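Take a look at the structure below.
Keep in mind it's a predicted model, so treat the numbers as computed, not measured.
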Amino acid sequence: MSESKRDLAYNYLRKQIVFCELKPGDLIDEKQITERLGFSRTPVREAINKLAEEDMLRIFPRKGIVVSQISLKNLQDMIDSRLLIEPYLIHQAFPTLDRDSLLHFREALQNTGTDSGTMQDSIEDDFDFKFHMYFAQKANNKYLENLMSTLLALSQRTRVFLPWSSERISESLDEHLSIIDCALEGDEEGTVNAVRRHLQHSREGYLHVFQSHNDFFV
């Protein structure tokens with residue numbers, strides 16, 4: 001099924017925001033976007049409204065549309081939300097996990113490591129996004145899958161704009177390998193605990209980023 005014009009406009013803008021081609025605080029020129037995409041105003045406006053619902057954009061009536069700033073609370077809330085839903089998703093997904101897919105993720109990690117903020121062709125090409133969304137998709141709950149996509153976009157947006165240190169990248173690689181190895185061994189609780197450790201360490205990474213780049217946050 002081909003994408004609707006609204007979805008095309010949404011994906012176009014979402015990529016620009018996540019990859020920080022449009023940075024926090026930047027004004028959105030709706031007319032320029034419609035001209036660039038060759039669309040009417042309606043699908044672009046629908047895409048903007050959807051991004052506003054996801055807190056990627058802020059709409060100020062009669063003033064303009066602005067790329068949302070990121071607050072430390074946003075990041076804390078994102079981690080808290082993931083700590084609540086990812087263990088559930090793993091439990092739901094575990095009986096249907098595909099060994100070949102897990103081995104593919106493991107090989108990708110060993111060959112290239114986790115992405116540290118390098119531009120990708122799309123949001124979905126990011127390793128962290130693909131890996132965590134794999135469990136969400138296997139859990140077969142479209143509402144939680146959509147929520148995970150939104151939460152991961154905030155995580156990715158921060159990593160792109162403020163790449164992790166080489167030490168944190170190495171730690172993250174080991175954490176992802178631990179998740180994969182537990183899943184390959186059929187250790188469901190071990191997989192859940194490995195994800196929890198990864199998210200807690202990610203929280204610490206965000207706190208470090210906040211302390212060293214607090215001018216970026218609100």
Side-chain angles (χ1 to χ4, degrees), residues 1-82 85-86 89 115-163 206 213 215-218:
M1 181 184 297
S2 60
E3 290 183 290
S4 68
K5 288 184 177 180
R6 187 204 71 163
D7 290 341
L8 289 168
Y10 168 82
N11 289 329
Y12 170 80
L13 283 169
R14 189 169 184 256
K15 179 189 173 186
Q16 289 209 321
I17 295 167
V18 168
F19 287 131
C20 290
E21 295 172 21
L22 291 169
K23 295 181 173 57
D26 282 357
L27 285 168
I28 299 294
D29 188 331
E30 187 176 345
K31 182 179 178 182
Q32 185 181 70
I33 293 166
T34 60
E35 291 173 351
R36 186 174 299 164
L37 294 176
F39 295 164
S40 67
R41 182 176 179 273
T42 298
V44 173
R45 169 55 59 167
E46 290 174 349
I48 287 170
N49 287 337
K50 185 176 179 183
L51 288 163
E53 290 173 4
E54 295 177 359
D55 201 29
M56 295 230 182
L57 294 175
R58 297 191 68 190
I59 301 173
F60 297 95
R62 296 182 296 280
K63 292 184 179 179
I65 304 160
V66 179
V67 178
S68 296
Q69 297 277 358
I70 300 175
S71 70
L72 181 59
K73 186 176 187 308
N74 291 151
L75 298 176
Q76 295 275 31
D77 288 349
M78 180 268 291
I79 292 292
D80 287 342
S81 298
R82 290 180 62 184
I85 69 172
E86 284 200 64
L89 290 172
D115 176 62
S116 59
T118 304
M119 179 64 74
Q120 303 289 338
D121 291 334
S122 71
I123 294 168
E124 293 78 11
D125 286 334
D126 176 69
F127 177 88
D128 193 73
F129 184 93
K130 286 191 293 186
F131 180 68
H132 290 279
M133 284 302 295
Y134 169 73
F135 293 100
Q137 290 158 355
K138 283 289 188 178
N140 196 29
N141 183 317
K142 67 177 182 179
Y143 300 108
L144 290 180
E145 184 178 338
N146 288 337
L147 176 57
M148 273 297 295
S149 179
T150 299
L151 295 171
L152 289 169
L154 174 59
S155 174
Q156 188 179 9
R157 185 180 172 204
T158 309
R159 286 188 294 110
V160 169
F161 195 76
L162 296 170
Y206 287 126
H213 298 86
D215 56 323
F216 171 69
F217 298 95
V218 294

Just verifying a value: how many Å separate [X] [atom1] and [Y] [atom2], rounded to the nearest 0.5 Å?
{"X": "Asp77", "Y": "Asp55", "atom1": "CG", "atom2": "CG", "value": "10.0 Å"}
{"X": "Leu27", "Y": "Lys63", "atom1": "CG", "atom2": "NZ", "value": "12.0 Å"}
{"X": "Lys50", "Y": "Arg45", "atom1": "NZ", "atom2": "CZ", "value": "16.0 Å"}
{"X": "Asn140", "Y": "Glu145", "atom1": "CG", "atom2": "CD", "value": "8.5 Å"}
{"X": "Lys15", "Y": "Gln156", "atom1": "NZ", "atom2": "CD", "value": "10.5 Å"}
{"X": "Leu152", "Y": "Asp126", "atom1": "CG", "atom2": "CG", "value": "8.5 Å"}

**OP:** Mind telling me whether Phe131 and Phe127 have parallel, tilted or perpendicular rings, with 30° and 60° as the class edges?
**Re:** parallel

Kindly say whether [Y] contributes a backbone atom to a donor-acceptor pair with the side chain of [X] at under 3.5 angstrom?
{"X": "Asn74", "Y": "Ser71", "result": "yes"}
{"X": "Thr158", "Y": "Leu154", "result": "yes"}
{"X": "Lys23", "Y": "Cys20", "result": "yes"}

Original post:
Can you tell which of Glu54, Arg14, Gln137 makes a side chain to side chain donor-acceptor pair (under 3.5 Å) with Ser149?
Top reply: Arg14

Original post:
What do you reckon, is CZ of Arg58 surrounded by more than 12 foreign heavy atoms closer than 6.0 Å?
Top reply: no

**OP:** Count the heavy atoms belonging to other residues, nucleotides or ligands that lie under 6.0 Å from CZ of Phe60, then report whether that count exceeds 12.
**Re:** yes

Looking at every heavy atom in both [X] and [Y], which two are closest together, and how far apart are they?
{"X": "Pro43", "Y": "Ala9", "result": "O-CB, 4.1 Å"}
{"X": "Lys5", "Y": "Phe39", "result": "O-CE1, 3.5 Å"}
{"X": "Leu57", "Y": "Val67", "result": "CD2-CA, 3.8 Å"}
{"X": "Leu151", "Y": "Met78", "result": "O-CG, 3.5 Å"}
{"X": "Arg41", "Y": "Thr34", "result": "CA-CG2, 3.9 Å"}

**OP:** Let me know which of Leu13, Ile59, Ile28 forms a side chain to side chain contact (heavy atoms under 4.5 Å, CB included) with Leu51.
**Re:** Leu13

Subject >> pair Ser155-His132: side-chain heavy atoms closer than 4.5 Å >> reply: no

**OP:** Report the C-alpha separation of Met56 and Thr150 in whole Å, then their side-chain angles, then the decisive distance to 0.1 Å, and conclude whether the side chain to side chain contact (heavy atoms under 4.5 Å, CB included) test is met.
**Re:** CA-CA 9 Å; Met56 295 230 182; Thr150 299; 5.7 Å; no

